[in-house]
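The structure appears right after this line, and notes come after that.
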Amino acid sequence: MGLDGEYGALVRAAAFLAALAATPAAAQDQCRLALQLGMDVSASVDQAEYRIQVEGLASALLDPIVTEAFLNGPGPVALSIFEWSGRFQQDIIVDWVMIENEADLLAVAERVNQAIRGNQDFPTALGYALGFASTRFREAPACLFQTLDISGDGQNNDGFPPSAAFEHFDFDGVTVNGLAIGGASREIEEYYLEQVIHGPGAFVEYALNHDDFAETMRRKLERELRAMILGDVLTRGRTLPPITTF
């Protein structure tokens, strides 16, 4: 995304903060972020690793720091979670839900913990996962920002690549962050940095292996949610060029 995309995000953020100052009660009801989490369940993820991911995600959602970041921003967060593997293997675990209190987060975490793996023998169709997520944002509540958080331990090996997804699906205004799960090398982190993340302020968090997934997910969720809270909302974690007029 070029400068137009960065300026567009800046303009939306500035408008949101202006509304917050002018009508604080109404702004507090405005959804600040539609956050979609995509979890890799392709053949490279065995059953034990799948349970580590599921339980790690549930644990991260209930971490006190993450809970505070969800609930103490200017307006609620809409959350959705899905699993992905092959070209046509994407399963929704949690449909769009507005997170407004701790009970909402607890309900989501319980649903994640109870998830039953839908597919386990399919390749890694990362481009298709991105395309699926793009269409899912059409069903999201109206929020100021949209972020896709995609995790995985392998490169695309089935169907069109991530670059084709970004070219042919609507990612206007969508930030794509990554959680790269490593192994013997950090090659997967480099792949996510070069091929997967998208949009102003996009980033990759690296998990050394699946055992490190929960802490990495916690760190990434906090980073994404903090970026939407007042002081950081204008920059999304990066320095933008100076703007004299909108």
Side-chain angles (χ1 to χ4, degrees), residues 35-67 69 79-87 89-91 93-94 105 108-130 132-133 147-159 161-162 175-198 202-227 237:
L35 177 61
Q36 191 172 185
L37 310 180
M39 188 166 59
D40 180 6
V41 296
S42 60
S44 61
V45 179
D46 64 29
Q47 188 58 28
E49 291 168 340
Y50 172 75
R51 289 312 308 172
I52 289 173
Q53 289 185 170
V54 166
E55 293 170 8
L57 173 55
S59 173
L61 288 170
L62 296 180
D63 182 273
I65 294 176
V66 173
T67 297
L79 179 64
S80 181
I81 304 170
F82 70 95
E83 297 178 349
W84 63 273
S85 55
R87 298 187 186 192
Q89 286 72 47
Q90 300 96 23
D91 297 309
I93 299 176
V94 177
L105 274 176
V108 169
E110 289 177 347
R111 207 175 314 169
V112 170
N113 255 330
Q114 295 168 4
I116 298 175
R117 185 174 186 164
N119 302 284
Q120 61 184 23
D121 298 321
F122 290 90
T124 305
L126 187 47
Y128 276 78
L130 290 168
F132 173 80
T147 294
L148 170 61
D149 173 342
I150 193 109
S151 62
D153 68 354
Q155 300 183 18
N156 186 80
N157 59 20
D158 186 36
T175 296
V176 180
N177 298 325
L179 193 165
I181 307 170
S185 74
R186 299 186 74 117
E187 182 179 346
I188 186 63
E189 181 184 23
E190 296 169 2
Y191 177 79
Y192 267 64
L193 283 168
E194 295 173 0
Q195 302 293 328
V196 178
I197 64 172
H198 174 85
F203 64 88
V204 174
E205 288 284 356
Y206 177 74
L208 182 62
N209 50 44
H210 283 86
D211 290 336
D212 196 33
F213 181 85
E215 171 56 25
T216 308
M217 176 62 76
R218 184 208 63 75
R219 187 170 65 243
K220 185 178 53 53
L221 285 173
E222 181 188 6
R223 186 173 175 182
E224 287 165 334
L225 294 163
R226 293 294 186 198

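This is a predicted model, so every value here is computed, not measured.
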Any donor-acceptor pair under 3.5 Å from [X] side chain to [Y] backbone:
| X | Y | value |
| --- | --- | --- |
| Ser80 | Val94 | yes |
| Asn156 | Gly127 | yes |
| Gln114 | Arg111 | no |

Minimum heavy-atom separation for [X] to [Y], with atom names?
| X | Y | result |
| --- | --- | --- |
| Ile81 | Leu61 | CD1-CD1, 4.4 Å |
| Gly178 | Tyr192 | CA-CD2, 3.8 Å |
| Gly56 | Ala214 | CA-CB, 3.5 Å |

Distance (rounded to the nearest 0.5 Å) between [X] [atom1] and [Y] [atom2]:
| X | Y | atom1 | atom2 | result |
| --- | --- | --- | --- | --- |
| Arg223 | Phe203 | CZ | CZ | 4.5 Å |
| Gln90 | Phe82 | CD | CZ | 7.0 Å |
| His210 | Ile181 | NE2 | CD1 | 4.0 Å |
| Leu225 | Ile65 | CG | CD1 | 12.0 Å |
| Glu190 | Tyr206 | CD | OH | 9.5 Å |

Close side-chain approach of [X] and [Y], heavy atoms under 4.5 Å:
| X | Y | answer |
| --- | --- | --- |
| Arg219 | Thr216 | yes |
| Ile52 | Asp211 | yes |
| Val204 | Leu179 | no |
| His198 | Thr175 | no |
| Ile150 | Asn177 | no |
| Glu49 | Asn209 | no |
| Tyr191 | Pro162 | yes |
| Leu126 | Asn157 | no |

Test: Arg117 and Glu83 ion pair at under 4.0 Å
no
Side-chain donor-acceptor distances from residues 36-43 under 3.5 Å, at least two apart:
| unit_1 | atom_1 | unit_2 | atom_2 | d |
| --- | --- | --- | --- | --- |
| Gln36 | NE2 | Ala133 | O | 3.2 |
| Asp40 | OD1 | Ser42 | N | 2.8 |
| Asp40 | OD1 | Ser42 | OG | 2.7 |
| Asp40 | OD2 | Asp153 | N | 3.2 |
| Ser42 | OG | Ser44 | OG | 3.2 |
| Ser42 | OG | Thr124 | OG1 | 3.2 |

Partner residues of Gln155 under the side chain to side chain donor-acceptor pair (under 3.5 Å) criterion, sequence neighbours left out
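Residues passing side chain to side chain donor-acceptor pair (under 3.5 Å) with Gln155: Glu187.
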Residues which pass side chain to side chain donor-acceptor pair (under 3.5 Å) with Arg218, listed by chain and number, not counting sequence neighbours
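Residues passing side chain to side chain donor-acceptor pair (under 3.5 Å) with Arg218: Glu215, Glu222.
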Not counting sequence neighbours, which residues clear salt bridge (Lys or Arg N to Asp or Glu O under 4.0 Å) with Asp158? List them please.
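Asp158 satisfies salt bridge (Lys or Arg N to Asp or Glu O under 4.0 Å) with Arg87 only.
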Partner residues of Glu55 under the salt bridge (Lys or Arg N to Asp or Glu O under 4.0 Å) criterion, sequence neighbours left out
Arg51
Can you sort out the partners of Tyr128 under ring pair (Phe, Tyr, Trp, His ring centres under 6.0 Å), two or more places apart, ordered by chain and number?
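Testing Tyr128 for ring pair (Phe, Tyr, Trp, His ring centres under 6.0 Å), a comparison that skips the adjacent residues, returns Phe88, Phe160.
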